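In what follows, a single structure is set out as structure tokens and then discussed.
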Amino acid sequence: MAMGKTGTVNITPEMMTNALSVIEDYRTLTGNLHTQLSDEVSNLIPGSFSGSAADGFKFFYDDKIEPAVGEGLTKLLDALRDICQGTLDAIPQVDGLDDQLASENKK
């Protein structure tokens with residue numbers, strides 16, 4: 001990572017574009033896993049698991065697990081994507097001083 005003289009990290013458009021791509025890949029992967037998990041739970045109850053223990057498990061899944069891996073993860077990834085997109089949008093899309101200076105010196 002490029003470091004400036006003040007010790008700050010210089011973020012490039014490429015870094016943010018790569019981060020956005022990774023977030024989208026992760027969203028796809030976790031979405032597929034979430035669907036598989038939901039399918040397994042739906043098939044497990046009442047097919048192979050019933051009674052009070054099954055009811056308790058289903059309640060726990062619906063009340064705790066589903067919100068965390070469903071809506072909770074989606075909101076977290078949305079926030080991360082928005083942060084990266086905002087950072088990318090804030091990076092000036094102009095030629096840097098070095099490129100401009102080099103071009104002028106070659107004339």
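Because the structure is predicted, anything quoted here is derived from the model rather than measured.
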Exercise. How close do Ser38 and Tyr61 get, heavy atom to heavy atom, and via which atoms?
Worked result: OG-OH, 3.2 Å

Seminar exercise, completed: By salt bridge (charged side-chain N to carboxylate O under 4.0 Å, His left out), Asp78 pairs with (sequence neighbours left out) Arg27, Arg81

Exercise. Mind checking what makes salt bridge (charged side-chain N to carboxylate O under 4.0 Å, His left out) contact with Glu71, not counting sequence neighbours?
Worked result: Lys75

Please check this pair: side chain of [X] against backbone of [Y], looking for a donor-acceptor N/O pair closer than 3.5 Å.
| X | Y | value |
| --- | --- | --- |
| Thr87 | Ile83 | yes |
| Thr74 | Gly70 | yes |
| Asp63 | Phe59 | no |

For this session: List the steps and the verdict of side chain to side chain contact (heavy atoms under 4.5 Å, CB included) for Met16 and Gln85.
Result: CA-CA 7 Å; Met16 289 297 96; Gln85 187 62 55; over 6 Å; no

Interatomic spacing from [atom1] in [X] to [atom2] in [Y] - rounded to 0.5 Å:
| X | Y | atom1 | atom2 | answer |
| --- | --- | --- | --- | --- |
| Glu40 | Ile45 | CD | CD1 | 11.5 Å |
| Asp89 | Cys84 | CG | SG | 11.0 Å |
| Asn18 | Leu88 | CG | CG | 10.5 Å |
| Leu20 | Asp82 | CG | CG | 9.5 Å |

Identify all side-chain donor-acceptor contacts of residues 49-56 below 3.5 Å with residues at least two apart in sequence or on another chain.
none

For this session: Would you please test Leu37 and Ile65 for side chain to side chain contact (heavy atoms under 4.5 Å, CB included) and show each step?
Result: CA-CA 10 Å; Leu37 178 61; Ile65 297 172; 4.3 Å; yes

For this session: Could you tell me whether the side chains of Asn32 and Gln36 share a donor-acceptor contact shorter than 3.5 Å?
Result: no

